[in-house]
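In what follows, a structure is listed as structure tokens, so that the remarks can point back to it.
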There are 2 protein chains.
Amino acid sequence: MATDGRTRRNGAGRRDLTEIAINCFARHGYQGTSIDRIAREAGVTKGAIYHHFRSKEDLLAAAVRDRIGEFETRVQNACRDAAPDESLRRIAEVCAEHARSEDRPRFAIKLMVESIETNAPVLEEMRGMMRRFRAFLRNIVRAGQDSGLLRSDADADAVAAAYTSAVIGAETQFYLDPKRFSLEHTLETFVSQMLDNLRPAGAAQTLQGRSDP
Amino acid sequence: MATDGRTRRNGAGRRDLTEIAINCFARHGYQGTSIDRIAREAGVTKGAIYHHFRSKEDLLAAAVRDRIGEFETRVQNACRDAAPDESLRRIAEVCAEHARSEDRPRFAIKLMVESIETNAPVLEEMRGMMRRFRAFLRNIVRAGQDSGLLRSDADADAVAAAYTSAVIGAETQFYLDPKRFSLEHTLETFVSQMLDNLRPAGAAQTLQGRSDP
DNA sequence: GTTGCCATACCGACCGTTTAGTATCGAGTG
DNA sequence: CACTCGATACTAAACGGTCGGTATGGCAAC
């Protein structure tokens, strides 16, 4: 708790504040999180936050931007040097890990849903993130089609949209009912189903999932 | 706006209040909706609301229960006298209609997500709804398996979970980006993909979706 | 008159934001 | 080296407003 080499004072820096803020926002939502709560968890007073950020919305926007960039980097790194079908499997794994992580989870789902009809700037940020995610998936599918690995008559946009739906819906159900909803198994089932369906006609057909008798 | 034959006064009855309340909650969230706002939209004052409901949470719980029951009835009716595969198509259609309706939409997604870590009673209600929804789907899949219509070696629970994921995720993306996200097409793509995958080995294989060249 | 339904007025708590003031540092100056 | 100056990083306190909730009273119907 002493010096961390980054700040002159004992308090939290601007970067630390966005970390703590997004954590609070992800747990209690934007409207359910008071500036005082963030300040308390950061070990500073309310004034310190208003020294770094113009408003509560400004703090939220900064925190969201940080997290979105982090998530996208993570997804991209998981796909490095991987074939299209392997990439599609890995992305689901990264999303599941993200949902199970200690600090990061829920922020996307919670703030995305809350911002609908209540916070236009954040909504726009989230909309951009989802569009980029779908485009990223679509390009992977297209690459698979171009290389003959995946069926070329499939609608890559629709496949990407369905994939994104499965991820968001599975995360939501997992947050709602973590003890009864098996996140990884659901995503694996979906991805296997999708890859089976995308296999070019004539290729060998595998049963659902791996061979785990 | 005069007498509607139900109430002695010009105000709204208990049932009308839950309708208006769920509408507000669905748009602005629970924490983003004040009692005064609901009262204003209902054409009454706060006192009227506290005459019918003990607290804001009580009002929310009553409104949520009403809506959940309504939705479940709608889904069940859509499946009357339908074969399993047809039921699975119809449920997706009902969910898409629900998402596009004028008054009802968003309440499930919004309140479900918001209640995570903030409102245990509502969370429990939502959890029950999702469990029943998945169980309903699973039973349809099992019925299809028993009748030989669907592959018997598929994991019915996992299929139901993936289906539910797709519905929730597609609705969420649609609310987030209604102009760019095509809800119906995404759900149709998913359901076709799933049914293709569930077709028993040896059965005729159709291409994705209908023939819309 | 009693009862059900609702309006009015109000309370205490809390929220986002502002302001005034303070402590701590680095750079510049002699 | 000491010393000033000006940022920077905060604290403490308060303000105006809104919120959920309550107490009270009145009007209409039976």
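So that the names make sense, note that chain A is the first sequence line, chain B the second, and so on, each numbered from 1. Both backbone and side-chain heavy atoms feed into the values below; hydrogens, waters and symmetry mates do not.
- Rounded to an integer number of Å, the gap from CG of A/L17 to P of D/dC10 is 8 Å.
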Polar atom pairs (N or O), protein with nucleotides 14-19 of chain C, under 3.5 Å:
from   : atom 1 : to    : atom 2 : distance (Å)
C/dG16 : OP1    : A/T33 : O      : 3.4
C/dG16 : OP1    : A/K56 : NZ     : 2.5
C/dG16 : OP2    : A/I35 : N      : 2.9
C/dG16 : N7     : A/K46 : NZ     : 3.3
C/dT17 : OP2    : A/Y50 : OH     : 2.3
C/dT17 : OP2    : A/K56 : N      : 2.8
C/dT17 : O5'    : A/Y50 : OH     : 3.3
C/dT17 : O4     : A/K46 : NZ     : 3.0

Please tabulate, for the side chains in residues 134-145 of chain B, all donor-acceptor contacts under 3.5 angstrom to protein atoms that are two or more places apart in sequence or on a different chain.
from   : atom 1 : to     : atom 2 : distance (Å)
B/R134 : NH1    : A/Q173 : OE1    : 2.7
B/N139 : ND2    : B/A135 : O      : 3.4
B/Q145 : NE2    : B/R151 : O      : 2.9
B/Q145 : NE2    : B/A154 : O      : 3.1

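- When the side-chain nitrogen and oxygen atoms of B/H51 are compared with OP1 and OP2 of C/dC5, one or more of them lie within a distance under 4.0 Å.
- Between B/Q31 and A/E114, every side-chain heavy-atom pair lies at or beyond the 4.5 Å cut-off.
- Separation of the A/F181 and A/F174 ring centroids does not fall under the 6.0 Å cut-off.
- The side chain of A/H52 contributes no N or O atom lying less than 4.0 Å from OP1 or OP2 of D/dT8.
- Using a cut-off of 4.0 Å between Lys/Arg side-chain N and Asp/Glu carboxylate O, A/E188 and A/R89 are scored as not salt-bridged.
- The CG-P distance, from B/D16 to C/dC5, rounds to 13 Å in whole Å.
- Classified by interplanar angle (parallel below 30°, tilted 30° to 60°, perpendicular above 60°), the ring pair A/F133/A/Y163 is tilted.
- Stacking of A/K56 on the aromatic ring of A/Y30 is recorded, both the 6.0 Å distance cut-off and the 45° axial limit being met.
- With rounding to whole Å, B/H28 atom NE2 is found 16 Å from D/dT18 atom P.
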